[in-house]
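Notes follow once the structure below has been shown.
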Amino acid sequence: MIGRLNHVAIAVSDLASGTAVYQSMLGAKVSEPQAEPDHGVTVVFVELPNTKIELLEPLGENSPIARFLESNPSGGIHHVCYEVDDIIAARDHLKNEGARVLGTGEPKIGAHGKPVLFLHPKDFCGTLVELEQA
Ligand code: CO
């Protein structure tokens with residue numbers, strides 16, 4: 001059911017430092033910061049030949065990554081994002097399999113302008129999983 005790895009998201013407390021690591025030290029192309037108020041993050045995209053890395057910095061008071069950064073002050077892998085052909089069909093299939101979909105269960109528009117959903121880490125090998133409509 002799942003398709004390509006769309007991105008790996010890494011939470012950072014400081015986007016400028018994270019950008020410097022990927023741009024200056026690792027020599028990758030990094031986008032301009034993009035505020036995503038609906039998701040409580042500011043994000044930059046690191047473009048790699050076969051996938052993307054997203055660096056996430058908390059935005060606003062109730063950022064979903066604030067608590068993660070309290071436990072992981074130097075940052076850390078926050079989620080992985082897989083593409084699916086039909087996000088509603090994928091959601092319904094996973095719910096039938098007993099998996100928990102976070103939030104309202106309805107897709108939100110993600111950082112790439114496409115519908116996304118998040119799945120409970122306890123149902124996916126301890127990893128927060130994002131599904132994105134391909
Ligand atoms: Co993501």
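Reckoned from all heavy atoms, side chains included, excluding hydrogens, waters and symmetry mates. First listed ligand is number 1; within each ligand, the first listed atom is number 1.
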Does atom [atom1] of [X] have more than 12 heavy-atom neighbours from other groups under 6.0 Å away?
| X | atom1 | answer |
| --- | --- | --- |
| Glu106 | CD | yes |
| Leu5 | CG | yes |
| Asp85 | CG | no |

The Co ion (ligand 1): protein N, O or S atoms [distance under 2.8 Å]: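 Listed by chain and number, the atoms are His7 NE2, His79 NE2, Glu130 OE1.
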
Phe45 backbone acceptor or donor facing Ser31 side chain under 3.5 Å: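 Yes; judged by distance alone, with no hydrogens or angles, the pair exists.
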
For residues 116-129, please give each side-chain donor-acceptor pair under 3.5 Å, one per line with the distance, not counting sequence neighbours.
unit_1 : atom_1 : unit_2 : atom_2 : d
His120 : ND1    : Lys122 : N      : 3.0
Asp123 : OD1    : Arg100 : NH2    : 2.8
Asp123 : OD2    : Arg100 : N      : 2.8
Asp123 : OD2    : Arg100 : NE     : 3.0

For the student: nearest non-hydrogen atoms of Ala111 and Gln34, plus distance: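 Minimum heavy-atom contact is O-NE2, 3.2 Å.
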
